Amino acid sequence: MALSLLSPSPSTLCFLASTSSPSAEFTGQFPRLWTNRSRTGPARPVLTRASSEKDDDKPAFNPFGFVTDNPSSRSAIQMPESPAEDGNVGQMLYRTEDKGKEYGSYVKSGKFRWFVRETGSPESRRGTIVFLHGAPTQSYSYRVVMSQLSDAGFHCFAPDWIGFGFSDKPQPGYGFDYTEKEFHEEFEKLLEVLGVTSPFFLVVQGFLVGSYGLTWTLKNSSKILKLAILNTPLTVSSPVPGLFQQLRIPFFGEFTCQNAVMAERFIEAGSAYVLKLEKADVYRLPYLSSSGPGFALLEAAKKANFSETASQISSGFAAGSWDKPILVAWGISDKYLPQSIAEEFQKANPRSVELKLIEGAGHMPQEDWPEKVVDALRMFFRV
């Protein structure tokens with residue numbers, strides 16, 4: 001079915017109306033979409049019908065309206081009443097350009113520049129923790145957890161993977177092709193530059209590059225003291241979210257990867273919560289600033305073999321293959337990965353794997369309920 005971006009059909013708009021507002025009716029006229037920008041007082045309706053000829057002088061429906069601003073990103077495509085007043089792309093970049101870099105700095109490693117968050121100091125008495133994020137997010141999700149753990153005596157690092165967050169996003173074919181092997185190689189170089197030479201604690205969460213963190217661990221077990229896993233594909237039965245399936249569809253993937261609110265919508269869809277505007281701004285910023293992050297994600301998704309990676313993880317951490325302590329801290333409200341994934345993984349190696357269920361947290365427990373994650377990690381990383 002052809003997708004018309006400039007002239008949406010009445011049936012398409014009827015679908016948006018029915019999904020955005022249960023009480024909305026379609027009258028054959030184009031509905032108008034608005035954002036709820038009011039932070040005080042009653043909220044304006046998300047969707048209203050065009051009910052008079054007076055509406056003719058208002059802005060026409062814009063299928064790209066979601067790029068202007070989207071406080072919750074939970075709704076369908078939204079169109080602000082006055083884009084210049086509500087916040088267009090340029091204004092959003094000005095508002096957010098200095099956000100989201102807490103505890104971070106740029107580190108040159110090999111040919112690339114990584115953005116790395118660091119709390120605590122090398123002299124911290126309880127050891128070093130490295131936090132690895134998944135796709136399509138960034139290390140920002142660990143900001144609260146690593147801050148509190150450094151207060152507890154740990155030295156913490158949380159890098160943005162190459163192609164993600166504020167790290168370099170090289171063009172595919174020019175020194176980096178976004179393969180699992182290359183992610184592994186560049187991560188090892190980064191550890192050397194950071195001076196992480198002794199065995200350390202590792203925390204991993206999320207899809208794709210998160211999974212690559214686990215496959216790197218299987219090849220470098222001697223460098224790991226203990227491993228903590230937050231919601232990550234762990235078994236061959238782990239489903240692949242629709243986002244990554246869409247990215248692998250020719251042409252459609254190219255369109256999908258340039259959705260400026262892709263990351264925040266992915267986070268919200270896996271959680272019971274809606275991100276606050278100031279958090280959504282940070283997750284949105286890399287994808288809004290340039291096309292690089294989107295094409296990096298696209299390339300990584302195309303190169304990934306999700307089933308093979310899940311198989312490696314499932315068998316590699318099973319009894320007889322892995323004997324170091326593992327904590328699986330699992331947000332039970334995850335909309336992508338059910339609790340049964342964690343339980344199946346734990347049963348495959350009950351002597352090494354401890355399962356801690358985190359109530360109230362979804363796919364990213366470190367974002368949804370960081371205090372509970374901190375408590376679980378502090379107890380597990382005791383040496």
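On a predicted model such as this, the values are computed, not experimentally measured, just so you know.
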Peer 1: One pair to check against side chain to side chain contact (heavy atoms under 4.5 Å, CB included): Leu355 and Glu343. What are the steps and the verdict?
Peer 2: CA-CA 8 Å; Leu355 177 58; Glu343 294 171 341; 3.9 Å; yes

Peer 1: Using 0.5 Å steps for rounding, measure from the CG atom of Leu208 to the NE2 atom of His133.
Peer 2: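 Rounded to the nearest 0.5 Å, the CG-NE2 separation comes to 11.0 Å.
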
Peer 1: Yes or no on side chain to side chain contact (heavy atoms under 4.5 Å, CB included) for Phe112 and Ser167, after CA distance, side-chain angles and deciding distance?
Peer 2: CA-CA 8 Å; Phe112 304 116; Ser167 289; over 6 Å; no

Peer 1: Has Lys324 got more than 12 heavy atoms of other residues, nucleotides or ligands less than 6.0 Å from its NZ?
Peer 2: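 Check passes, neighbour count above 12.
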
Peer 1: Is any side-chain heavy atom of Leu218 less than 4.5 Å from a side-chain heavy atom of Phe317?
Peer 2: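 In contact.
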
Peer 1: Checking side chain to side chain contact (heavy atoms under 4.5 Å, CB included) between Thr217 and each of Ile224, Ile313, Ile326, which is the one that passes?
Peer 2: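 Exactly one candidate clears the test, Ile224.
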
Peer 1: Mind checking whether Tyr178 and Lys302 have side chains closer than 4.5 Å, heavy atoms only?
Peer 2: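 With C-beta onward as the side chain, the pair stays apart.
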
Peer 1: Does Arg378 CZ have over 12 foreign heavy atoms under 6.0 Å away?
Peer 2: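 Result for CZ/Arg378: open.
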
Peer 1: Just to verify, which of Leu327, Val203, Leu214 counts as forming a side chain to side chain contact (heavy atoms under 4.5 Å, CB included) with Ile229?
Peer 2: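 By the side chain to side chain contact (heavy atoms under 4.5 Å, CB included) criterion, Ile229 pairs with just one of Leu327, Val203, Leu214: Leu214.
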
Peer 1: Under the side chain to side chain donor-acceptor pair (under 3.5 Å) rule, what do Asp323 and Ser352 come out as? Steps first, then yes or no, please.
Peer 2: CA-CA 6 Å; Asp323 58 4; Ser352 296; over 6 Å; no

Peer 1: If the plane angle is over 60° it's perpendicular, under 30° parallel, otherwise tilted; pick one for Tyr212 and His184.
Peer 2: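 Rings of Tyr212 and His184: perpendicular, over 60°.
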
Peer 1: If you compare all heavy atoms of Ser124 against all heavy atoms of Gly153, which two are closest, and at what distance to 0.1 Å?
Peer 2: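 Here Ser124 and Gly153 meet closest at CB-O, 3.2 Å.
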
Peer 1: So how far is it from Leu357 CG to Trp330 CH2, rounded to the nearest 0.5 Å?
Peer 2: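 If I round to the nearest 0.5 Å, the distance is 10.0 Å.
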
Peer 1: Are Phe154 and Leu227 connected in a single hydrophobic cluster, I mean Ile/Leu/Val/Met/Phe/Trp/Tyr linked by side-chain heavy atoms less than 4.5 Å apart?
Peer 2: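 No, no single cluster joins them.
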
Peer 1: Could you walk me through whether Tyr103 and Tyr142 pass the ring pair (Phe, Tyr, Trp, His ring centres under 6.0 Å) test, one step at a time?
Peer 2: CA-CA 11 Å; Tyr103 318 117; Tyr142 288 116; over 10 Å; no

Peer 1: So, for Tyr140 and Phe166, is the gap between ring centers shorter than 6.0 Å?
Peer 2: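 That pair fails the under 6.0 Å test.
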
Peer 1: Just wondering, do Trp369 and Tyr273 contact through their side chains at under 4.5 Å, heavy atoms?
Peer 2: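 A side-chain contact exists here, since the closest heavy-atom pair is under 4.5 Å.
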
Peer 1: Heavy atoms, side chains only, cut-off 4.5 Å: are Glu299 and Phe176 in contact?
Peer 2: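 When only atoms from C-beta onward are counted, Phe176 and Glu299 do not touch, as no gap falls below 4.5 Å.
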
Peer 1: Looking at Gly362 and Asn231, what are the two nearest heavy atoms and their distance?
Peer 2: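 It is O-ND2, 3.6 Å.
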
Peer 1: So, do Pro239 and Leu337 sit near enough that their side-chain heavy atoms are less than 4.5 Å apart?
Peer 2: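 Yes, close enough: below the 4.5 Å cut-off.
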
Peer 1: Distance check, rounded to the nearest 0.5 Å: Glu118 atom CD versus His155 atom NE2?
Peer 2: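 Result: 3.5 Å between the selected atoms.
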
Peer 1: Is there a path of hydrophobic side-chain contacts, each under 4.5 Å between heavy atoms, that joins Leu202 and Val328?
Peer 2: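 Yes, because Leu202 and Val328 connect within a single hydrophobic cluster, where side-chain heavy atoms sit under 4.5 Å apart.
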
Peer 1: Are the side chains of Phe183 and Lys303 in contact, using a 4.5 Å heavy-atom criterion?
Peer 2: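 Contact flag for Lys303/Phe183 side chains = no.
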
Peer 1: Under the 3.5 angstrom rule, does the side chain of Ser314 hit a backbone N or O of Ala310 as a donor-acceptor pair?
Peer 2: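 Pair absent, no side-chain N/O of Ser314 close to backbone of Ala310.
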
Peer 1: Does a salt bridge link Lys219 with Glu188, judged by any charged N lying under 4.0 Å from a carboxylate O?
Peer 2: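 Judged by the 4.0 Å cut-off on N to carboxylate O distance, Lys219 and Glu188 do not form a salt bridge.
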
Peer 1: Could you give me the CA-CA distance, side-chain angles and deciding distance for Ile162 and Glu182, then say whether side chain to side chain contact (heavy atoms under 4.5 Å, CB included) is met?
Peer 2: CA-CA 10 Å; Ile162 294 297; Glu182 289 171 311; over 6 Å; no

Peer 1: Hey, mind stepping through Thr232 and Ser211 against side chain to side chain contact (heavy atoms under 4.5 Å, CB included) and telling me if it holds?
Peer 2: CA-CA 7 Å; Thr232 303; Ser211 296; 4.1 Å; yes

Peer 1: Looking at every non-hydrogen atom in both residues, tell me the closest pair between Ser321 and Gly316 and how far apart they are.
Peer 2: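 Nearest heavy atoms, Ser321 then Gly316: CB-O, 3.3 Å.
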
Peer 1: Linking I/L/V/M/F/W/Y whenever any side-chain heavy atoms sit under 4.5 Å apart, do Met262 and Leu277 land together?
Peer 2: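 Met262 and Leu277: separate clusters.
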
Peer 1: CZ of Phe131 to CZ of Phe201: how many Å apart, nearest 0.5 Å?
Peer 2: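 The CZ atom of Phe131 sits 11.0 Å away from the CZ atom of Phe201.
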
Peer 1: Under a single-linkage definition using a 4.5 Å side-chain heavy-atom cutoff for Ile, Leu, Val, Met, Phe, Trp and Tyr, are Leu132 and Phe266 assigned to the same hydrophobic cluster?
Peer 2: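 Shared cluster, yes.
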
Peer 1: If we check side chain to side chain donor-acceptor pair (under 3.5 Å) with Tyr283, which of these qualifies: Glu367, Glu264, Gln138?
Peer 2: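 Filter result, single survivor: Glu367.
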
Peer 1: Under a 4.0 Å threshold between the charged nitrogen and the carboxylate oxygen, would Arg284 count as salt-bridged to Asp281?
Peer 2: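 Yes, this pair counts.
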
Peer 1: For Lys347, I'd like to know if atom NZ has over 12 heavy atoms of other residues, nucleotides or ligands within 6.0 Å.
Peer 2: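 Open: at most 12 neighbouring heavy atoms sit under 6.0 Å from NZ of Lys347.
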
Peer 1: Ignoring hydrogens and geometry, is there a side-chain-to-backbone donor-acceptor pair from Arg382 to Met379 under 3.5 Å?
Peer 2: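 Yes: the side chain of Arg382 pairs with the backbone of Met379.
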
Peer 1: On the 0 to 90° scale, with breaks at 30° and 60°, tag the Tyr106-Phe115 ring pair as parallel, tilted or perpendicular.
Peer 2: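 Judged by the thresholds at 30° and 60°, the geometry between Tyr106 and Phe115 is perpendicular.
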
Peer 1: Lys189 and Glu186: salt bridge (Lys or Arg N to Asp or Glu O under 4.0 Å), yes or no, with the steps?
Peer 2: CA-CA 5 Å; Lys189 293 177 185 177; Glu186 295 304 324; 3.4 Å; yes

Peer 1: Taking all heavy atoms of Pro159 and all of Ser139, pick out the closest pair and write down the distance.
Peer 2: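 So the two residues come closest at O-CB, 3.6 Å.
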
Peer 1: In the single-linkage hydrophobic clustering (I, L, V, M, F, W, Y; side-chain heavy atoms under 4.5 Å), do Tyr336 and Val204 co-cluster?
Peer 2: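 Looking at the clustering, Val204 is in the same group as Tyr336.
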
Peer 1: Could you walk me through whether Glu180 and Thr309 pass the side chain to side chain donor-acceptor pair (under 3.5 Å) test, one step at a time?
Peer 2: CA-CA 9 Å; Glu180 179 182 14; Thr309 300; 4.5 Å; no

Peer 1: Just wondering, do Ile267 and Lys279 contact through their side chains at under 4.5 Å, heavy atoms?
Peer 2: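 No, too far: nothing below the 4.5 Å cut-off.
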
Peer 1: Once rounded to the nearest 0.5 Å, what's the spacing between atom CD1 of Ile129 and atom CZ of Phe200?
Peer 2: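 The CD1 atom of Ile129 sits 11.0 Å away from the CZ atom of Phe200.
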
Peer 1: At their closest point, which heavy atom of Ser307 faces which heavy atom of Asn305, and how far apart are they?
Peer 2: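 Heavy-atom minimum between the residues: OG-OD1, 3.1 Å.
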
Peer 1: Quick one: pull up CG in Asp151 and OG1 in Thr119 and give me the separation to the nearest 0.5 Å.
Peer 2: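 Rounded to the nearest 0.5 Å, the CG-OG1 separation comes out at 8.0 Å.
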
Peer 1: Measure the acute angle between the ring planes of Trp161 and Phe187, then classify it against the limits of 30° and 60° as parallel, tilted or perpendicular.
Peer 2: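 Ring orientation of Trp161 relative to Phe187: tilted.
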
Peer 1: Quick one: does Asp334's side chain get under 4.5 Å of Ile341's, heavy atoms only?
Peer 2: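 Counting from C-beta outward, Asp334 and Ile341 never come under 4.5 Å.
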
Peer 1: Work out which heavy atom in Glu254 is nearest to a heavy atom in Pro250; give both atom names and the distance.
Peer 2: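 Of all heavy-atom pairs spanning Glu254 and Pro250, the closest is OE1-C, 4.0 Å.
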
Peer 1: Does CD in Glu359 sit with more than 12 non-hydrogen atoms of other residues, nucleotides or ligands closer than 6.0 Å?
Peer 2: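 No, the 6.0 Å shell around CD holds no more than 12 heavy atoms from other groups.
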
